Peer 1: 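Pasting a structure here, questions to come.
Values in this document were obtained by computation on a predicted structure and should not be read as measured data. Chain letters run A, B, ... following the sequence lines, proteins first and then strands; every chain starts at 1.
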Amino acid sequence: MTPEQLQDVVRTAVAAVAGRGELPVDVPAEVVIDRPKNPEHGDYATNAAMRLAKPAGRPPREVAELLAAELRAQPGIAAVDVAGPGFLNITLAQGVLGQLAVQAVTAGPGYGRTDVLAGQQLNLEFVSANPTGPVHIGAVRWAAVGDALGRLLEASGAAVTREYYFNDAGSQIDRFARSLQAAAQGRPVPEDGYAGAYIDDIAAQVVAAEPDVLDRGDDEQLAVFRARGVELMWVEIRTSLADFGVAFDVYFSERTLHETGALEKAIARLREQGHVYETDGAVWLRTTDFGDDKDRVLVKGDGEPTYFAADCAYYLNKRERGFGKVVIMLGADHTGYVGRYKALVAAMGDDPDENLEILIGQLVNLVREGQPVRMSKRAGNVVNLGDLVDAIGADAARYALARASIDQQIDLDLDLWSRQTNDNPVFYVQYAHARIASVLRNAADLGLALGEPEDVDVAQLAHERETDLLRVIGEFPRVLASAAELRAPHRVARSLEELAGTYHRFYDSCRVLPRGDELPTSLTTARLWVCAATATVLRNGLAVLGVQAPERM
RNA sequence: GCCCCCGUAGCUCAGGGGAUAGAGCACUGCCCUCCGGAGGCAGGGGCGCAGGUUCGAAUCCUGCCGGGGGCACCA
């Protein structure tokens with residue numbers, strides 16, 4: 001019985017008691033099922049009685065006693081105790097927990113998937129680095145977290161489109177082109193331009209592809225450097241993301257918004273809604289009507305649209321593509337962005353709390369031997385995605401970035417995460433998987449197989465370390481569902497660390513395979529199922545994080 | 001000045017109102033004739049401060065202190 005199923009049992013019990021008129025309450029949509037830390041508090045606990053006490057107008061313990069009596073009659077439940085202020089501590093019948101191992105193994109890659117977000121059409125935008133340089137370390141966090149979040153949302157039943165928005169219309173691209181041109185001509189890059197070895201590399205590649213480029217007129221040169229340069233930059237960006245295990249469904253060009261008249265359309269829509277005015281020759285959106293601290297310019301005095309105008313058009317475009325929820329992941333340096341974005345959504349006539357979600361994540365610092373790593377290309381230090389993967393590997397990088405709450409600044413210690421030791425959390429988790437794989441290999445060598453689910457005697461699984469492990473396995477679907485709803489992929493990583501630790505303790509106390517000339521028993525088979533179930537959860541959890549689950553290390 | 005994030009064990013961090021606040025690392029002392037010791041067991045130590053809401057607050061609200069980030073007719 002999973003905690004979700006137990007939740008239904010408790011609700012059924014409430015309904016039964018209420019139906020007999022013993023308790024004047026409605027059946028709650030959700031009841032909280034806890035996994036108590038203290039083993040004396042049973043396999044599971046619920047605070048349902050305390051929550052129902054007030055609406056029922058009865059003391060919590062009295063409500064608890066009514067529910068306990070009802071629950072004791074339910075199949076699969078061995079004992080129910082009323083404790084403390086009114087907790088219901090539930091002990092499951094022998095073998096009920098063991099079924100969790102069978103459920104996990106038979107569900108395989110599907111174990112943990114739920115439909116809590118079914119029907120939601122989500123557009124998830126992250127990274128969105130401009131093609132004027134490699135993906136900088138600051139954006140790598142969003143590559144790791146965003147991709148994990150995408151997988152998590154899908155595992156919870158949502159339809160997710162991962163989107164990468166890039167600016168290829170404005171002056172940044174022009175500066176990029178001029179920087180390439182200067183590098184090709186052997187001049188220093190402009191003061192407001194881009195510098196770095198990659199500029200020289202790309203400039204050289206452009207010249208190699210079009211040897212006569214420098215003989216043409218200035219405008220024509222810039223056009224070539226812009227087009228070829230962006231193309232080459234894209235190759236590098238997409239290659240580094242692919243090496244990191246991240247792929248997008250849509251790469252969205254800002255330029256297309258300008259070319260298709262989407263900006264004018266968006267401004268017209270905002271005008272219809274009555275939030276646009278003109279002052280000093282510029283066109284403004286009155287975002288202060290919706291809580292922003294100042295109004296924002298849509299079209300500058302020189303007639304050029306702002307980046308914000310493109311944002312308006314882009315948002316409208318996403319909504320027109322059918323996305324009910326527009327999710328955008330940004331770094332803490334974009335905090336000031338939230339107010340105006342919420343306001344533009346409201347000005348469009350949408351609900352900023354329903355249709356828009358901006359996830360702001362704190363910044364990443366690199367640390368080596370306790371000292372901050374200065375992120376300068378000249379010093380040869382790590383500055384971008386490819387460098388980070390070279391330094392610690394894609395698995396460690398993804399795990400390190402995804403295991404922290406996005407609200408927390410990260411000091412990413414390159415020594416720690418490149419170490420192949422147990423103080424490196426990703427190795428702790430991967431090791432557990434490799435260890436199980438080894439046990440299962442040894443079992444196969446002994447001619448032992450899991451066999452059919454109906455032949456496993458799961459009631460054999462009664463050791464405390466076994467039931468601890470089974471409870472963690474049973475928790476997994478809830479972990480994924482709540483992590484998805486909270487947009488918190490780090491919870492998955494933390495739960496895998498708990499699972500790995502719980503498995504190691506099980507392994508230490510519960511011999512799985514027969515030793516010497518012992519014969520296998522039904523307990524051997526049952527424990528093999530527990531091992532396989534643990535491996536399944538580790539694999540599925542690591543898959544959400546985009547991290548390998550190795551058979552050997 | 002205004003806005004956002006953070007402050008929990010020596011360190012790095014989990015803890016979306018519930019029982020005795022957890023993990024990893026570090027430290028001390030233990031555990032292998034046996035499935036991977038990259039493991040396990042035991043021990044010491046903690047919610048920045050002050051109010052408030054609640055039967056119950058690390059969690060929600062307010063103020064203060066400390067650290068980080070942000071406040072363009074830039075992109």
Peer 1: Could you tell me whether the side chain of A:Asn89 has a donor or acceptor atom within less than 3.5 Å of a complementary atom in the base of B:A19?
Peer 2: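 Check passes, donor-acceptor contact within cut-off.
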Peer 1: Taking 4.0 Å as the cut-off, does a side-chain nitrogen or oxygen of A:Gln408 come that near to OP1 or OP2 on B:A14?
Peer 2: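 So the side-chain polar atoms of A:Gln408 do come within 4.0 Å of the phosphate oxygens OP1 or OP2 of B:A14, strictly under.
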Peer 1: Atom CG of A:Asn365 to atom P of B:G68: distance rounded to whole Å?
Peer 2: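 Interatomic distance, CG of A:Asn365 to P of B:G68: 11 Å.
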Peer 1: Take atom CZ of A:Arg255 and atom P of B:A75, then tell me their distance rounded to the nearest Å.
Peer 2: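 That distance rounds to 17 Å.
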Peer 1: Check the phosphate of B:G17 against A:Asn47, side-chain N and O only, distance under 4.0 Å to OP1 or OP2. Yes or no?
Peer 2: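 Negative; the distance criterion is not met.
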Peer 1: Taking pairing as Watson-Crick or G-U wobble with both contacts under 3.5 Å, can you name the mate of B:G22, or confirm there isn't one?
Peer 2: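 Looking at the geometry, B:G22 pairs with B:C13.
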Peer 1: Flag as yes if A:Tyr507 stacks onto the base of B:C35 (centroids under 5.5 Å, planes under 30°), otherwise no.
Peer 2: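 It does: the two rings, one from A:Tyr507 and one from B:C35, meet the stacking criterion.
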Peer 1: Between B:A38, B:G18, B:C35, which nucleotide gets closest to the side-chain atoms of A:Phe427?
Peer 2: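 Closest nucleotide among those given: B:A38.
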Peer 1: Just say parallel, tilted or perpendicular for the rings of A:Tyr337 and A:His334, cut-offs at 30° and 60°.
Peer 2: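 Aromatic pair A:Tyr337/A:His334 classed perpendicular.
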Peer 1: To the nearest angstrom, how far is A:Asp295 atom CG from B:A72 atom C1'?
Peer 2: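 It is 14 Å, rounded to the nearest whole Å.
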Peer 1: Between B:G36, B:A19, B:A75, which one does the side chain of A:Asn130 approach most closely?
Peer 2: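 Looking only at heavy atoms from C-beta outward on A:Asn130, the closest nucleotide is B:A75.
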Peer 1: Can you tell me which nucleotide in B:G18, B:G40, B:G16 comes closest to the side chain of A:Pro85?
Peer 2: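 Nearest listed nucleotide: B:G18.
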Peer 1: If the plane angle is over 60° it's perpendicular, under 30° parallel, otherwise tilted; pick one for A:His275 and A:Phe290.
Peer 2: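 Rings of A:His275 and A:Phe290: perpendicular, as their planes differ by over 60°.
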Peer 1: Using atom P of each nucleotide, how far apart are B:C5 and B:C47 to the nearest Å?
Peer 2: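 One P to the other, the span is 24 Å.
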Peer 1: Let me know, please, whether A:Val512 or A:Glu485 comes out on the 5' side of the other along RNA chain B by nearest nucleotide.
Peer 2: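 Closest to the 5' end, via its nearest nucleotide, is A:Glu485.
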Peer 1: Could you work out which one of B:C35, B:A19, B:A72 sits closest to the side chain of A:Asn442?
Peer 2: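 That would be B:C35.
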Peer 1: Which part of the nucleic acid, if any, lies within contact of A:Ala45, taking any heavy atom under 4.0 Å across all strands shown: a base, the sugar-phosphate backbone alone, or nothing?
Peer 2: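 Base contact.
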Peer 1: Check the phosphate of B:A72 against A:Lys294, side-chain N and O only, distance under 4.0 Å to OP1 or OP2. Yes or no?
Peer 2: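 Indeed, a polar side-chain atom of A:Lys294 lies that close.
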Peer 1: Does the pair A:Lys318/A:Glu163 count as a salt bridge with the N-to-O cut at 4.0 Å?
Peer 2: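 Here A:Lys318 does not pair with A:Glu163 in a salt bridge, since their nearest N and O are not under 4.0 Å apart.
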Peer 1: Can you tell which of B:C41, B:G15, B:C5 lies closest to the side chain of A:Asp407?
Peer 2: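 The listed nucleotide nearest to A:Asp407's side chain is B:C5.
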Peer 1: What contact category does A:Ala434 fall into here, base, sugar-phosphate, or nothing, at under 4.0 angstrom with non-hydrogen atoms?
Peer 2: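 Base: the residue A:Ala434, judged by heavy atoms under 4.0 Å, touches a nucleobase.
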Peer 1: Just how far, in rounded Å, is P of B:C71 from NZ of A:Lys342?
Peer 2: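 Distance check: A:Lys342 NZ to B:C71 P gives 19 Å.
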Peer 1: Stacking between A:Phe87 and B:A19, defined as ring centres under 5.5 angstrom apart with planes under 30°, is that present or not?
Peer 2: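 The base of B:A19 is stacked with A:Phe87 (centres under 5.5 Å, planes under 30°).
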Peer 1: Does A:Ser438 place a side-chain N or O at less than 4.0 Å from the phosphate oxygens OP1/OP2 of B:G36?
Peer 2: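 Answer is yes, contact under 4.0 Å.
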Peer 1: When the distance from CG of A:Leu298 to P of B:C73 is rounded to whole Å, what number comes out?
Peer 2: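 Atom-to-atom, A:Leu298 to B:C73, this comes out as 12 Å.
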Peer 1: Within the structure shown, what part of the strands sits under 4.0 Å from A:Cys510 by heavy-atom distance: base, sugar-phosphate, or nothing?
Peer 2: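 Base contact - A:Cys510 has a heavy atom under 4.0 Å of at least one base atom.
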Peer 1: Taking only side-chain nitrogens and oxygens of A:Arg465, does any of them come within less than 4.0 Å of OP1 or OP2 of B:G40?
Peer 2: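 For A:Arg465, the contact criterion (side-chain N or O under 4.0 Å from OP1 or OP2 of B:G40) is not met.
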Peer 1: Using a 4.0 Å heavy-atom cut-off, does A:Arg491 contact any base of the nucleic acid, only the sugar-phosphate backbone, or nothing at all?
Peer 2: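 Result for A:Arg491 = base.
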Peer 1: Between B:G15 and B:U8, how far is it from one P atom to the other, in whole Å?
Peer 2: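 These two P atoms come out 14 Å apart once rounded.
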Peer 1: Give the rounded distance in Å between these two atoms: NE2 of A:His504 and P of B:A38.
Peer 2: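 Those two atoms, NE2 and P, are 11 Å apart.
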Peer 1: Mind calculating the distance between CG (A:Leu486) and C1' (B:A14) to the nearest angstrom?
Peer 2: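 So the CG-C1' distance, A:Leu486 to B:A14, works out to 14 Å.
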Peer 1: Are side-chain N/O atoms of A:Asp295 and A:Tyr277 paired as donor and acceptor at under 3.5 Å?
Peer 2: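 There is such a pair between these side chains.
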Peer 1: Considering only side-chain heavy atoms of A:Lys37, which listed nucleotide, B:G69, B:A75, B:A19, is closest?
Peer 2: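 Of the options given, the side chain of A:Lys37 lies nearest B:A19.
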Peer 1: Hey, mind stepping through A:Glu278 and A:Arg271 against salt bridge (charged side-chain N to carboxylate O under 4.0 Å, His left out) and telling me if it holds?
Peer 2: CA-CA 11 Å; A:Glu278 294 180 27; A:Arg271 205 185 290 274; 3.5 Å; yes
Peer 1: Identify which nucleotide among B:G39, B:A38, B:G16 has an atom closest to any side-chain atom of A:Asp508, counting heavy atoms from C-beta outward.
Peer 2: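 That would be B:G39.
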Peer 1: Of the candidate nucleotides B:C5, B:C4, B:C35, which contains the atom at the shortest distance from the side chain of A:Thr335?
Peer 2: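 The nucleotide sitting nearest to the side chain is B:C4.
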Peer 1: Under the criterion side chain to side chain contact (heavy atoms under 4.5 Å, CB included), which of A:Val472, A:Thr502, A:Leu499 is the partner of A:Thr534?
Peer 2: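 Between A:Thr534 and the candidates, side chain to side chain contact (heavy atoms under 4.5 Å, CB included) is satisfied uniquely by A:Leu499.
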Peer 1: With P as the reference atom in both, quote the distance from B:C55 to B:C49 in angstrom, rounded to an integer.
Peer 2: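 Roughly 25 Å separates the two P atoms.
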Peer 1: At 4.0 Å (heavy atoms only), tell me whether A:Arg403 reaches a base, stays on the sugar-phosphate, or touches nothing.
Peer 2: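 No contact at all - A:Arg403 keeps every heavy atom at 4.0 Å or more from the nucleic acid.
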Peer 1: Do NZ/NE/NH1/NH2 and the carboxylate oxygens of A:Glu4 and A:Arg478 come within less than 4.0 Å?
Peer 2: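 Here A:Glu4 does not pair with A:Arg478 in a salt bridge, since their nearest N and O are not under 4.0 Å apart.
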Peer 1: Locate the shortest heavy-atom distance separating A:Tyr44 from A:Leu92; write the atom from each residue and the value.
Peer 2: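 It is CE1-CD1, 3.7 Å.
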Peer 1: Between B:G70 and B:G18, how many Å separate the two P atoms, rounded to a whole number?
Peer 2: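 Taking atom P in both B:G70 and B:G18, they lie 35 Å apart.
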Peer 1: In whole Å, measure the gap between the P atoms of B:G45 and B:A57 for me.
Peer 2: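 One P to the other, the span is 24 Å.
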Peer 1: Phosphate oxygens OP1/OP2 of B:G15: is one of them under 4.0 Å from a side-chain N or O of A:His490?
Peer 2: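 Yes, A:His490 has a side-chain N/O under 4.0 Å of OP1/OP2 on B:G15.
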Peer 1: Using heavy atoms to find the nearest nucleotide of RNA chain B for A:Glu497 and A:Pro36 separately, return the residue whose nucleotide is more 5′.
Peer 2: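 The answer here is A:Pro36.
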Peer 1: Check this one for me: any side-chain N or O of A:Tyr428 less than 4.0 Å away from OP1 or OP2 of B:G40?
Peer 2: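 It does, given that an N or O in the side chain of A:Tyr428 lies less than 4.0 Å from OP1 or OP2 of B:G40.
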Peer 1: Side-chain N or O of A:Lys54 less than 4.0 angstrom from OP1 or OP2 on B:U54?
Peer 2: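 Checking B:U54 against A:Lys54, no side-chain N or O comes under 4.0 Å of OP1 or OP2.
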Peer 1: Any idea which of B:G69, B:A14, B:C35 is nearest the A:Arg494 side chain?
Peer 2: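 Among the listed nucleotides, the one closest to the side chain of A:Arg494 is B:A14.
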Peer 1: Measure from the side-chain heavy atoms of A:Met50 and tell me the nearest of B:G18, B:G39, B:G69.
Peer 2: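 In terms of side-chain proximity for A:Met50, the closest of B:G18, B:G39, B:G69 is B:G18.
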Peer 1: Write down the distance separating the C1' atoms in B:G39 and B:A21, rounded off to the nearest Å.
Peer 2: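 My reading of the C1' atoms in B:G39 and B:A21 gives 26 Å.
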